[in-house]
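Presented below is the structure to which this report refers.
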Amino acid sequence: MEKSADTMEKIVALSKRRGFVFQGSEIYGGFVGSYDYGPYGVELANNIKAVWWKSMVQKEKNIVGLDSAVVTHPKVWEASGHVGGFSDPLVECNECHTRSRADHLLEDKDIFADEKMSEEEINKLFDSHRDKLTCPKCGQKDFGEIKALNLLVKSNLGNFSDNWNEDPSYLRGETCQGIYINYKNVLDSARVKIPFGIAQIGKAFRNEIAPRQYIFRKREFEQMEMQMFVSPDSGMEKFEEWKEKRMQYYLDLGFKAENLRWHEHENLVFYAKAAFDIEYNFPFGYKELEGVHARGDYDLTQHQKFSDTSMEYLDQKNNEKYIPHVVETSVGLDRTFLAVMTEFYDEDELGGDTRIVMRFPKKLAPIKVAVFPLLKNKPDLVAKAEEVFSLVAEEMRAEFDDNGNVGKRYRRQDEIGTPHCVTIDFETLGEENSDLKDTVTVRDRDTGEQERVAIADLIEYLK
Ligand code: GAP
């Protein structure tokens with residue numbers, strides 16, 4: 001199916017109607033930049049995390065996992081540079097006082113603005129286009145000066161000085177800092193040798209002033225990050241290796257190559273050696289999905305300085321000491337979720353009906369198999385279907401549905417991307433043809449074709 005401008009609306013509507021994504025705090029009128037994952041959403045999100053973990057940890061012999069704290073010593077964020085510099089350029093409309101991000105106002109007029117531009121660059125660009133830029137709320141063109149808004153979310157947890165709020169702690173703005181501060185612990189406990197990686201999945205928080213594009217930019221979101229610690233001379237080689245691996249990951253998941261592309265950062269932060277983003281063709285255009293960055297020794301050097309703890313590595317083979325360089329791969333779970341919804345959303349005609357079908361790869365599908373008794377009011381059918389449900393539910397996420405006619409039940413499962421539906425009918429009970437006793441009908445989501453399978457072979461068939 002060709003994706004068009006209304007694809008986004010369709011995905012948002014389906015996500016709410018079928019319990020993938022709900023607006024956060026909806027009964028209180030919503031809460032900007034906050035979304036909740038519903039019953040199928042949480043299954044899909046968990047599957048995305050499991051696929052990432054399998055690819056980054058399980059299948060990599062020199063990558064280990066970590067789950068670090070969300071709230072850390074505040075010095076972590078001074079060392080990382082977030083307290084001083086991690087900010088968004090904000091302008092206020094002089095007419096209605098709505099605050100907007102300067103780079104977004106520029107983007108809305110198709111003037112290229114990168115969120116990684118320096119403050120000076122954004123200021124210059126904004127000033128040179130002031131006459132074109134309009135307030136999204138009231139349409140006026142009169143703005144104040146750009147102000148930098150710090151993105152870190154402050155917390156009053158863990159205040160430890162006498163000055164109370166003078167010493168705030170922060171909710172982490174990115175998960176990788178938890179990895180850097182545990183690099184020594186991992187080195188000393190996990191018997192790893194450079195090059196090795198640490199992977200982590202977890203929540204991150206940012207005071208995004210203009211969260212937008214649905215779950216693309218949230219204030220509370222989840223990151224899946226891996227930091228590879230390498231020797232200074234092999235940094236660029238590892239970087240190229242990971243660039244290739246991360247693009248292949250999306251292709252292996254079933255994404256079309258034409259929906260993915262590389263974007264090279266033109267304005268590198270001073271410490272970075274190279275930075276590329278994988279962009280996905282979202283319904284609102286190509287946007288960053290994942291970053292693959294060669295960060296040099298900046299992060300560990302900063303933590304060494306601020307914590308007074310040596311971050312040096314002793315390379316016993318060459319009897320050399322150095323601070324390792326870092327190659328990072330960082331992707332948002334929520335952005336992957338939206339990319340997956342976009343990539344696999346489809347509409348087609350089957351048996352004369354138009355249907356919505358989520359063509360999720362099996363490993364991502366929220367429900368792997370749905371089990372139906374043909375009729376709800378026949379206790380023998382229902383009992384047998386419950387037996388089959390228990391059998392498959394032992395092995396995979398399954399759903400039991402006895403509501404409405406079987407055609408409608410198929411449509412409901414197509415919409416949530418269930419690869420197989422299993423129907424228990426009178427033949428299963430051996431009432432009409434004893435040869436078919438203890439067999440069921442298995443229907444394929446993509447082709448609509450049905451096959452008769454013995455219950456004894458069902459698990460193997462579904463797997
Ligand atoms: N450690 C590097 C880092 O955090 P980033 O480009 O700021 O770099 C990495 O974020 C990834 O996290 C992005 O590519 C994106 O997928 C996701 N991400 C960042 N901000 C987000 C937000 N506000 N909402 C959802 N996802 C976000």
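These values consider heavy atoms only, across backbone and side chains, with no hydrogens, waters or symmetry-generated copies. All of these numbers come straight from a predicted model, not from anything done at the bench. Whatever order the structure lists them in is the order used to number ligands and atoms, beginning at 1.
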So for ligand 1, is Glu288 a polar contact partner (N or O within less than 3.5 Å, distance only)? yes
Can you say whether the rings of Phe239 and Phe276 are parallel (under 30°), tilted (30 to 60°) or perpendicular (over 60°)? tilted
Contacting atoms of ligand 1, where contact means under 4.0 angstrom from a heavy atom of Glu225: 1 (N), 2 (C), 3 (C), 4 (O)
Selection from Gln223, Glu174, Lys287 by shortest heavy-atom distance to atom 10 (O) of ligand 1: Gln223
Using distance alone, decide if ligand 1 has a nitrogen or oxygen within less than 3.5 Å of any nitrogen or oxygen in Ile215. no
Considering only heavy atoms of Cys176, which atoms of ligand 1 have at least one such atom less than 4.0 Å away? 1 (N)
Between Phe112 and His263, how do the two ring planes meet: parallel, tilted or perpendicular, split at 30° and 60°? tilted
I'd like to check which ligand 1 atoms, numbered from 1 as shown, lie under 4.0 Å from a non-hydrogen atom of Glu290. 14 (O)
Just to be sure I read this right, does ligand 1 sit under 4.0 Å from the backbone of Glu328, its side chain, both, or neither, counting only heavy atoms? side chain
Does anything in residues 41-58 pair up under salt bridge (charged side-chain N to carboxylate O under 4.0 Å, His left out), and if so which pairs, sequence neighbours excluded? Glu43-Arg397, Lys49-Glu222
The answer for which part of Leu289 has a heavy atom under 4.0 Å from ligand 1 is backbone
Side chain or backbone of Arg206 under 4.0 Å from ligand 1, or both, or neither, by non-hydrogen atoms? side chain
Where is the tightest heavy-atom contact between Asn259 and Glu343, given as atom of each residue plus distance? ND2-OE1, 3.0 Å
Val153 side chain reached by Tyr170 side chain, heavy atoms, under 4.5 Å: no
Can you label the angle between the Phe196 ring and the Tyr183 ring as parallel, tilted or perpendicular, going by 30° and 60°? parallel
Should the proximity of Glu208 to ligand 1, defined as any heavy atom under 4.0 Å, be assigned to the side chain, the backbone, both, or neither? side chain
Please list, chain by chain and in numerical order, all residues satisfying ring pair (Phe, Tyr, Trp, His ring centres under 6.0 Å) with Tyr345, sequence neighbours excluded. none
Which of these passes side chain to side chain donor-acceptor pair (under 3.5 Å) with Ser330: Glu225, Arg246, Glu290? Glu225
Within a distance under 4.0 Å of any heavy atom of Lys218, pick out the atoms of ligand 1 and give their elements. 22 (C), 23 (N), 24 (N), 25 (C)
